[in-house]
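Read through the structure below, which is laid out as structure tokens, and then see the notes.
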Amino acid sequence: MARKSKSLQSAELKVRVDHEKILGLAVNTLGGTSFGACRKRTARHGVLPGVYPIIAWLMQLPESTQAELSRLIGIEQPTMAITLRVWNEMGSFSANPIPIMAGGAT
């Protein structure tokens with residue numbers, strides 16, 4: 001390997017490296033690459049990037065309700081209900097209704 005000149009070596013010593021910025025760029029690059037690959041793989045199944053947060057929360061909280069998911073993601077509950085119903089009809093998702101307790105809420 002070629003040796004660096006003394007002027008280049010001293011210049012490298014004076015450059016302040018912002019490790020957080022470098023790490024941020026690496027994470028953003030990997031995230032973008034992963035997102036693109038995921039988008040290509042899921043598009044053929046009719047799954048668009050807008051539903052990724054729902055999928056991510058369902059993976060973390062499989063027993064969550066529509067209302068809980070709606071609050072976590074920041075969408076209206078009727079929108080969540082439609083999304084989950086469509087997934088259920090497609091066979092991509094299996095919803096288990098919560099039984100109404102005797103004398104409980106409706």
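The residues of the chain are indexed from 1 along the displayed sequence.
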message: Contact between R39 and Y52 at the side-chain level, heavy atoms closer than 4.5 Å - yes or no?
response: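 R39 reaches Y52 side chain to side chain.
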task: Is it possible for you to say whether I22 and V27 belong to one hydrophobic cluster, with membership spreading through side-chain heavy-atom contacts below 4.5 Å?
output: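 No, separate clusters.
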- prompt: Are M59 and L61 connected in a single hydrophobic cluster, I mean Ile/Leu/Val/Met/Phe/Trp/Tyr linked by side-chain heavy atoms less than 4.5 Å apart?
  reply: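 Same cluster.
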Donor-acceptor contacts, no H, no angles, side chain residues 74-88, under 3.5 Å, sequence neighbours left out:
residue: Q77; atom: NE2; partner: Q66; partner atom: OE1; Å: 2.4
residue: T83; atom: OG1; partner: T79; partner atom: O; Å: 2.9
residue: R85; atom: NE; partner: E89; partner atom: OE2; Å: 3.4

- prompt: Once you round to the nearest 0.5 Å, how far does CG of L72 lie from CH2 of W57?
  reply: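 One gets 5.0 Å once the value is rounded to the nearest 0.5 Å.
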query: At what distance, to the nearest 0.5 angstrom, does OG1 of T65 lie from CD of E63?
result: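 Going from the OG1 atom of T65 to the CD atom of E63 covers 11.0 Å.
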